[in-house]
Amino acid sequence: MTGTTTHEDRRSAPDQNHLRRKVNGLAIAGALGGFLFGFDSSVVNGAVDAIGKDFKLSATLQGFAVAVALLGCAVGAYLAGRIADRFGRTRTMLVGAILFLASSIGAGLAFGVGDFMFWRVVGGLGIGVASVVSPTYIAEVVPASVRGRLGSLQQLAITVGIFAALLSDALFAGFNGATGASQTLLFGLQAWRWMFLVGIVPSVAYGLIALRLPESPRHLLAKHDEGGAREVLRQTTPIGVIDDEVRDIRHSMEQDEENAKKSSLRGTVLGLQPVVWAGIVLSVLQQFVGINVIFYYSTTLWNAVGFKDSFAISVFSAILNVAVTFIAIAIVDKVGRRPMLLAGSAGMVIALAAVAISFSQAQTGSGGAVSLPNPWGVVALIGANLFVICFGATWGPLVWVLLGEMFPNRIRAKALGVAAAAQWIANFVVTLTFPPLSQLSLPLTYGLYTLFALISLVFVFFLIPETKGVSLEDMGGLAFGRKARLAAKEAARS
């Protein structure tokens, strides 16, 4: 195929509405990896107490059984970039779906804590792969003008997956937070086992969709398949600018080849490039504010402080999380990434501080029962859900948007893999430490999360530049750090 647009091409070119629908459809399909991510990470919420009881686990081992999947996620995320570069984005999605399918069956039928943890690690590998390849795919198939909005679909899919997991948990448990997960259901299997087995459905759906998605045009051009790349671009790009798009991608690749030594992640800041560290720190802070405590342990947490409707509270929080993600999608390309992250951090500081103060007022009654006296129970609930709102509208979706777009082309897949791996490791640390920390002191635990929310505010204010409207091919020119941004502005004026 030649590098010019023919008259016949123009006659058969799809209109703008068709292009918009196709772009939206590809982004939604690609984001389904986020659904698996959210579902797998939260499905354990309703099963935690029942698993601990059945396998007779200590608080620390119970935390490890919950968190161990995240180690697999970290490994999967780290390897995903290399797999995606070699075999393609859509084939890598298929690998993730197969691993998650195996995990759903294995964890649901586990006969001991050892094989339960093994299958959770297998599922983690699949989710780690999906967590990297989905935002990469979306960033590479959608135009820059809508990349923030459609990139946010990754987080929306994660929140919907969280909601689906918590709702299915509640349904299997009959909304009984005390003993519902241990009751026997169909085929003599306990409810907590069905909570994992139901994951078969989304894993099969994701695999079937991955088989039908077109490959990323950037990957096709990297594999010298210009015809295939142009065919994909015809589905997402106005016909008159396809040549320019191909030329820009090729130019970017040629620059990458000419600067092969610079394609390494290595740099002058503690052995890595500043942009890589920026991605790592963003990923770690997204987890260290403690958001996944809400979605992994909320049923156990609210039971522990005397709330009877713990499953209902968890489902309500998940609904809030989905709802506010739509806010992020609607305004991210208008407001920008930095202002939303700063606002989210400020809100999280206030909300988490309110939760920490509330738990400091807990009282222990007869028989060791713990409760929150009025008005602190209400304050804790409002604070926890305000935290979900602030996170879900900002840090939840926008970190994934930034990770999908902030790295220059030559290192994007590798750097995104490293950042996502760091996110999973941070998630593992928070998930593992919450049970023993909460036994030690809930006010201290939420005080730590408040501190990390404050650090996130300072980090974004001083170090993160705006990426709104910047093309992927121009990302290498962004400056990270206050001094670097000031120098870049001075250079632009001169």
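Counting from 1, the numbers follow the sequence of the chain as shown.
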When rounded to the nearest 0.5 angstrom, what distance separates [atom1] in [X] from [atom2] in [Y]?
X      : Y      : atom1 : atom2 : answer
Leu352 : Phe387 : CG    : CZ    : 4.5 Å
Asn45  : Asn292 : CG    : CG    : 10.5 Å
Ile51  : Ser182 : CD1   : OG    : 10.0 Å
Phe391 : Met348 : CZ    : CE    : 7.0 Å
Ile200 : Ser103 : CD1   : OG    : 10.5 Å
Phe187 : Leu109 : CZ    : CG    : 11.5 Å

What heavy-atom pair brings [X] and [Y] nearest, and what distance separates the two atoms?
X      : Y      : answer
Gly199 : Ser203 : O-OG, 3.1 Å
Val276 : Ala415 : CG2-CB, 4.3 Å
Met93  : Ala210 : CB-CB, 3.8 Å
Ala426 : Gln287 : CB-CB, 3.8 Å
Ser314 : Leu166 : O-CD1, 3.5 Å
Pro202 : Phe100 : CG-CE2, 4.2 Å

N/O donor-acceptor pairs under 3.5 Å from side chains in residues 30-40, not counting sequence neighbours:
unit_1 : atom_1 : unit_2 : atom_2 : d
Asp40  : OD1    : Arg120 : NH1    : 2.9

Report, one line per pair, each donor and acceptor closer than 3.5 Å where one atom sits in a side chain of residues 56-78; sequence neighbours left out.
unit_1 : atom_1 : unit_2 : atom_2 : d
Ser58  : OG     : Leu61  : N      : 3.2
Tyr78  : OH     : Arg82  : NH2    : 3.3

Contact list for residues 116-142, test ring-ring contact (aromatic ring centres under 6.0 Å, His included), sequence neighbours left out:
Phe116-Phe196

Identify, with sequence neighbours excluded, every residue that meets side-chain contact (heavy atoms from CB on, under 4.5 Å) alongside Leu402.
Leu282, Arg337, Leu341, Glu405, Met406, Thr467

Could you tell me whether a side-chain N or O of [X] sits under 3.5 Å from a main-chain N or O of [Y], the two making a donor and an acceptor?
X      : Y      : answer
Asn321 : Ser317 : no
Gln286 : Trp395 : yes
Ser283 : Gly279 : yes
Gln190 : Ala181 : no
Trp194 : Leu186 : yes
Ser360 : Pro443 : no

Would you be so kind as to tabulate the donor-acceptor pairs closer than 3.5 Å made by side chains of residues 452-462, with sequence neighbours excluded?
unit_1 : atom_1 : unit_2 : atom_2 : d
Ser456 : OG     : Ser345 : OG     : 2.8
Ser456 : OG     : Ala453 : O      : 2.5

side-chain contact (heavy atoms from CB on, under 4.5 Å) between Leu185 and Leu189, worked out
CA-CA 6 Å; Leu185 300 178; Leu189 296 175; over 6 Å; no

Can you tell if the side chain of [X] reaches within under 4.5 Å of the side chain of [Y], non-hydrogen atoms only?
X      : Y      : value
Phe428 : Thr431 : no
Trp376 : Ile357 : yes
Val204 : Leu101 : yes
Val293 : Tyr449 : yes
Leu403 : Gln423 : yes

According to salt bridge (charged side-chain N to carboxylate O under 4.0 Å, His left out), does anything in residues 437-446 pair up with another residue at least two apart or in another chain? List the pairs.
none

Does the side-chain contact (heavy atoms from CB on, under 4.5 Å) test come out yes or no for Val418 and Ile280, once each step is laid out?
CA-CA 7 Å; Val418 170; Ile280 290 172; 3.8 Å; yes

Tyr446/Phe359 under ring-ring contact (aromatic ring centres under 6.0 Å, His included): CA gap, chis, key distance, verdict:
CA-CA 9 Å; Tyr446 276 87; Phe359 284 148; 5.5 Å; yes

Candidate pair Phe434 and Leu442, rule side-chain contact (heavy atoms from CB on, under 4.5 Å), full reasoning:
CA-CA 9 Å; Phe434 178 75; Leu442 277 173; 4.2 Å; yes

